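Data block below; observations after.
Since the structure is predicted, the reported quantities are computational estimates derived from the model, not experimental observations.
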Amino acid sequence: MSESNLSGGALGLIEFLLLCGRLKTTKRTGWVRNGVNLPESIGDHMHRMGVMALAMDTLSAGERDRAMRMAIVHDLAEAIAGDITPHDPVSKEEKYRLESEGLHTMVAHLDGGNSGAAKQIVELWEEYEEGESEVARFVKDLDKLEMLIQVRRRCFFQCAVVH
C-alpha cells in the first residue's frame, strides 16, 4: 500500500472506526438515568438489533440484509451527538440536526463522505429516520423490541436474585 493510500483511505477509515468505537463504551442514557446496574452500551444495542434482523424471516432476503445494515447504522451518529432521549429538552428537529451533523462528521473520514460506504451509511440512516419504508418501520419495531428484551432480561436476573 502506498503512503498516499495509507494517509487518505486507511487513516480515514481508522478514524471513522475509532469514532464508532465510542458506541461500545457509551452507555444508553435511559438506563443510566434510571439507575440500572451495568447498563448496556449503544454498541450492545445496535449489535443485538443487527442479529435480530438477521434471525427473522419476516422479510425477503434482500430486505432482511437491508434491515440488518440499517440496524447497525441507525444509532451511529450517537457517537458524536450522544444518546438523546425523548425525555431530554431537545426538539425532534434539533435531535435530527445534531445527529445528522454527527453522522456527516463521521462519514467525512471515508473519502470525504464520497465513498460508496459513506453514501450507503447516510442513505440507510436517513431512510430509518424518515420511517416510511417497510424496512425502516421493521427496524424501528426491532428497536422497541430490543428494549423490551433488555427489560425482560434485567427483570429475569433481578427477580431470580430476589426470589
Side-chain angles (χ1 to χ4, degrees), residues 12-56 58-59 63-155:
L13 175 61
I14 290 168
E15 186 61 33
F16 172 78
L17 294 173
L18 288 170
L19 288 169
C20 290
R22 293 179 182 179
L23 299 167
K24 292 171 64 174
T25 57
T26 304
K27 303 302 180 192
R28 297 199 66 207
T29 303
W31 300 123
V32 172
R33 285 190 185 147
N34 285 291
V36 171
N37 187 33
L38 301 173
E40 72 175 342
S41 71
I42 297 167
D44 295 333
H45 165 70
M46 292 166 56
H47 175 263
R48 187 182 316 204
M49 281 183 61
V51 172
M52 289 167 68
L54 177 63
M56 295 191 179
T58 56
L59 300 173
E63 290 171 325
R64 191 171 59 236
D65 179 67
R66 186 164 186 83
M68 185 173 54
R69 288 181 283 125
M70 190 178 291
I72 63 172
V73 304
H74 85 284
D75 281 342
L76 273 184
E78 293 180 12
I80 292 179
D83 186 14
I84 302 168
T85 74
H87 302 289
D88 290 323
V90 177
S91 69
K92 287 183 181 182
E93 295 78 17
E94 180 67 2
K95 179 181 187 291
Y96 180 88
R97 185 189 67 74
L98 291 168
E99 290 182 352
S100 179
E101 287 177 4
L103 187 70
H104 283 87
T105 296
M106 292 176 73
V107 300
H109 293 286
L110 303 173
D111 191 26
N114 296 313
S115 72
K119 290 176 181 177
Q120 184 178 70
I121 289 167
V122 170
E123 176 189 319
L124 287 164
W125 182 82
E126 288 176 346
E127 182 180 343
Y128 175 82
E129 287 297 313
E130 290 167 6
E132 294 179 10
S133 71
E134 179 182 354
V135 171
R137 288 190 301 274
F138 176 78
V139 174
K140 284 185 176 283
D141 288 346
L142 290 182
D143 197 12
K144 294 176 185 95
L145 178 59
E146 196 284 327
M147 183 186 69
L148 292 173
I149 291 170
Q150 188 69 10
V151 167
R152 176 67 177 118
R153 179 185 156 270
R154 292 196 177 282
C155 178

Study note, to complete from the structure: Between Gly131 and Ala136, the two heavy atoms sitting closest are CA-CB, 3.8 Å

Practice item. Any chance you could measure Ile121, atom CD1, to Met106, atom CE, to the nearest 0.5 Å? Key: 8.0 Å

Practice item. For residues Glu40 and Glu146, determine if any side-chain heavy atom of one lies less than 4.5 Å from a side-chain heavy atom of the other. Key: yes

Revision key, fill the gap. One should read off an interatomic distance between Glu132 CD and Glu127 CD, to the nearest 0.5 angstrom, of 10.0 Å

Point to revise | Close side-chain approach of Val135 to Met70, heavy-atom, < 4.5 Å | key: yes

Practice item. Answer yes or no: is there an ion pair linking Asp88 with Arg33, defined by an N-O contact shorter than 4.0 Å? Key: yes

Revision key, fill the gap. Minimal heavy-atom distance between Ala67 and Ala53, with the atoms involved, is C-CB, 3.9 Å

Review point. Counting N and O atoms only, with roles assigned by atom type, does the side chain of His104 sit under 3.5 Å from a partner on the main chain of Ser100, one being a donor and the other an acceptor?
Key: yes

Revision key, fill the gap. In this structure, NE2 of His109 is separated from CG of Leu13 (nearest 0.5 Å) by 11.0 Å

Practice item. For the pair Glu93 and Arg97, find out whether any cationic side-chain nitrogen is under 4.0 Å from an anionic carboxylate oxygen. Key: no

Practice item. Report yes if the side chains of Phe138 and Arg64 come closer than 4.5 Å at any heavy-atom pair, otherwise no. Key: no

Practice item. For the residue pair Asp75 and Leu23, establish whether any side-chain heavy-atom pair is separated by less than 4.5 Å. Key: no

Practice item. Evaluate the side-chain proximity of Met56 to Leu145: yes if any heavy-atom separation is below 4.5 Å, no if none is. Key: yes

**Study point:** Any side-chain heavy-atom pair of Thr58 and Glu63 under 4.5 Å
**Key:** no

Practice item. State whether a side-chain donor-acceptor pair under 3.5 Å links Gln150 with Arg28. Key: no

Check your understanding: Residues in side chain to side chain donor-acceptor pair (under 3.5 Å) with Glu126, at least two apart?
Key -> none

Study note, to complete from the structure: d(Leu59 CG, Glu134 CD) to nearest 0.5 Å is 6.0 Å

Check your understanding: Considering only heavy atoms from C-beta outward, does the side chain of Leu76 approach that of Phe16 to under 4.5 Å?
Key -> yes

Revision key, fill the gap. Nearest heavy-atom contact between Pro39 and Val32 is CG-CG2, 3.9 Å

Check your understanding: Closest approach of Glu78 and Asp83, non-hydrogen atoms and distance?
Key -> OE1-OD1, 3.3 Å

Review point. So, Arg69 and Asp65, do they make that salt bridge, N to O below 4.0 Å?
Key: yes

Exercise for review: Give, for atom CG of Asn34 and atom OG1 of Thr29, the distance between the pair rounded to the nearest 0.5 Å.
Suggested key: 10.5 Å

**Study point:** Which residues share a salt bridge (charged side-chain N to carboxylate O under 4.0 Å, His left out) with Glu123, sequence neighbours left out
**Key:** Arg66

Check your understanding: Is a side-chain N or O of Asp143 found less than 3.5 angstrom from the main chain of Lys140, in a donor-acceptor match?
Key -> no

Practice item. Calculate, to the nearest 0.5 Å, the distance between atoms NE2 and CG belonging to His45 and Leu142 respectively. Key: 9.5 Å

Exercise for review: Could you tell me which non-hydrogen atom of Gly30 sits nearest to which non-hydrogen atom of Thr85, and how far apart they are?
Suggested key: N-CG2, 4.2 Å

Revision key, fill the gap. What one should report as the nearest heavy-atom pair of Val151 and Trp31 is CG2-CH2, 3.4 Å

